[in-house]
Amino acid sequence: NANGAVTIKGGELLKLDGDNIIDARIVPDTNGINGKIEFTGGATIMKPVGDHNLEFNVVKFTTDNTKVVTLNDAIHAQNIEFGESTVKANAAGITLNGEITTNGTSFDVSGSSLTVTSNVTDISVNKEVTVKGDNALIFDGNNVINAKLMPEITDSSALRFTGEPVLNYE
């Protein structure tokens, strides 16, 4: 479009197979009710996916534990789903704006901090989310966290809560 973004029309699904580097903004044409993106391999996100005024319905990474999702910019969606992959924050100020579902996902904050602005639920058997690296995984707001946070972090302040989260785990 004229703003230099790739626009997903209507309820279309953009499915990207294999390992991809996404170096363009991607936005839906209608906020929240339309637009789905699925990445089936390792992905490197260089520009924002969605924005504050145009969120996707679903952004999904259906990857296994051998793949890395590298984030250099924000994701804005009503629902963000991660498979067993490692999610690596690679640039300052990255935010995940939307309800997050993980499946044994590992967050690597060795390159930069990562901010989560909504609830997190893990659907794996162990209900565990691993956090590793020297920067912060920041939960911004009154998040509900339905997972065991398993830090492999060298700095005890690397898990930060800016609101009053509810931690639910067995």
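Just so you know, these numbers use all the heavy atoms, side chains as well, and skip hydrogens, waters and symmetry mates.
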Visitor: Quick one: do Thr162 and Asp140 satisfy side-chain hydrogen bond (donor to acceptor under 3.5 Å, both in side chains)? Show the steps, please.
Guide: CA-CA 5 Å; Thr162 63; Asp140 185 22; 2.7 Å; yes
Visitor: Could you go through the side-chain contact (heavy atoms from CB on, under 4.5 Å) check for Val131 and Glu152 one step at a time?
Guide: CA-CA 6 Å; Val131 182; Glu152 296 177 1; over 6 Å; no
Visitor: Search all heavy atoms of Pro165 against all heavy atoms of Ile145 and return the closest pair with its distance.
Guide: CB-CD1, 4.4 Å
Visitor: Answer yes if the side chains of Asn135 and Ser112 hold a donor-acceptor pair under 3.5 Å, and no otherwise.
Guide: no
Visitor: I'd like to know whether CG of Leu167 has more than 12 heavy-atom contacts from other residues, nucleotides or ligands below 6.0 angstrom.
Guide: yes
Visitor: Under a 3.5 Å distance rule, please check whether Thr44 uses its side chain to pair with a backbone N or O of Ile21 as donor and acceptor.
Guide: no
Visitor: On the 0 to 90° scale, with breaks at 30° and 60°, tag the Phe61-Phe82 ring pair as parallel, tilted or perpendicular.
Guide: parallel
Visitor: Ala147 and Asp122: which non-hydrogen atoms are nearest, and at how many Å?
Guide: CB-CB, 3.7 Å
Visitor: Would you confirm whether Asp64, through its side chain, and Thr66, through its main-chain N or O, come within 3.5 Å as a donor-acceptor pair?
Guide: yes
Visitor: In terms of side-chain geometry, is the basic nitrogen of Lys67 or Asp19 positioned less than 4.0 Å from the acidic oxygen of its partner?
Guide: yes
Visitor: Please tell me if the side chains of Gln78 and Val58 come closer than 4.5 Å, counting only heavy atoms from C-beta onward.
Guide: no
Visitor: Could you pull out the closest heavy-atom pair between Pro28 and Leu54, with the gap in Å?
Guide: CD-O, 3.4 Å
Visitor: Run through Val120, Leu149, Leu96 and flag the one making a side chain to side chain contact (heavy atoms under 4.5 Å, CB included) with Phe107.
Guide: Leu96
Visitor: Please determine whether residues Phe161 and Leu137 belong to a single hydrophobic cluster, defined as Ile, Leu, Val, Met, Phe, Trp and Tyr linked transitively by side-chain heavy-atom distances below 4.5 Å.
Guide: yes
Visitor: Say you draw a straight line from CD1 of Ile100 to CG of Asn146; how long is it, rounded to the nearest 0.5 Å?
Guide: 12.0 Å
Visitor: Among side-chain atoms of Asn126 and Ser124, is any donor-acceptor pair under 3.5 angstrom?
Guide: no
Visitor: Is a donor from one side chain sitting under 3.5 angstrom from an acceptor on the other, for Glu38 and Thr62?
Guide: yes
Visitor: Determine whether Leu14 and Val69 fall in the same hydrophobic cluster, where Ile, Leu, Val, Met, Phe, Trp and Tyr are linked whenever their side-chain heavy atoms lie under 4.5 Å apart.
Guide: yes
Visitor: Out of curiosity, Ile26 CD1 to Ile75 CD1, how far, rounded to the nearest 0.5 Å?
Guide: 10.0 Å
Visitor: Report whether Leu114 and Leu159 are members of the same hydrophobic cluster (ILVMFWY, side-chain heavy atoms less than 4.5 Å apart, transitive linking).
Guide: yes
Visitor: Ile94 and side chain to side chain contact (heavy atoms under 4.5 Å, CB included): which partner among Thr115, Ile45, Leu71?
Guide: Leu71
Visitor: CD of Glu81 to CD1 of Ile37: how many Å apart, nearest 0.5 Å?
Guide: 12.5 Å
Visitor: Any luck finding a side-chain donor-acceptor pair between Thr63 and Ser85 under 3.5 Å?
Guide: yes
Visitor: Quick one, Thr102 with Thr121, criterion side-chain contact (heavy atoms from CB on, under 4.5 Å). Give me CA distance, side-chain angles, the key distance, then yes/no.
Guide: CA-CA 6 Å; Thr102 60; Thr121 299; over 6 Å; no
Visitor: What's the spacing between Thr105 OG1 and Ile123 CD1 if we round to 0.5 Å?
Guide: 8.5 Å
Visitor: For the CG atom of Leu13 and the NZ atom of Lys60, what is their distance to the nearest 0.5 Å?
Guide: 9.5 Å
Visitor: Under 4.5 Å between side-chain heavy atoms, hopping through other hydrophobics if needed: is there a path connecting Ile80 to Leu16?
Guide: yes
Visitor: Hey, does Val166 have a side-chain heavy atom less than 4.5 Å from the side chain of Asn143?
Guide: no
Visitor: Out of curiosity, Glu55 CD to Asn79 CG, how far, rounded to the nearest 0.5 Å?
Guide: 9.5 Å
Visitor: Could you verify whether a donor N or O on one side chain and an acceptor N or O on the other, from Glu99 and Asn119, lie under 3.5 Å apart?
Guide: yes
Visitor: In terms of hydrophobic clustering (I, L, V, M, F, W, Y; side-chain heavy atoms under 4.5 Å; direct or indirect links), are Phe56 and Val6 co-clustered?
Guide: yes
Visitor: Could you tell me whether the side chains of Asp108 and Ser110 share a donor-acceptor contact shorter than 3.5 Å?
Guide: yes
Visitor: Indicate the atoms forming the closest heavy-atom contact of Pro48 with Asp73, along with that distance.
Guide: CD-OD2, 3.2 Å
Visitor: So, Asn72 and Asn90: side-chain donor and acceptor under 3.5 Å apart, yes or no?
Guide: yes
Visitor: Can you tell me if Asn97 and Thr117 form a side-chain donor-acceptor pair at under 3.5 Å?
Guide: yes
Visitor: Charged N to carboxylate O under 4.0 angstrom, Arg25 versus Asp51?
Guide: yes
Visitor: Over all heavy atoms of both residues, which pair between Lys88 and Gly111 is shortest? Give the atoms and the distance, please.
Guide: NZ-N, 4.1 Å
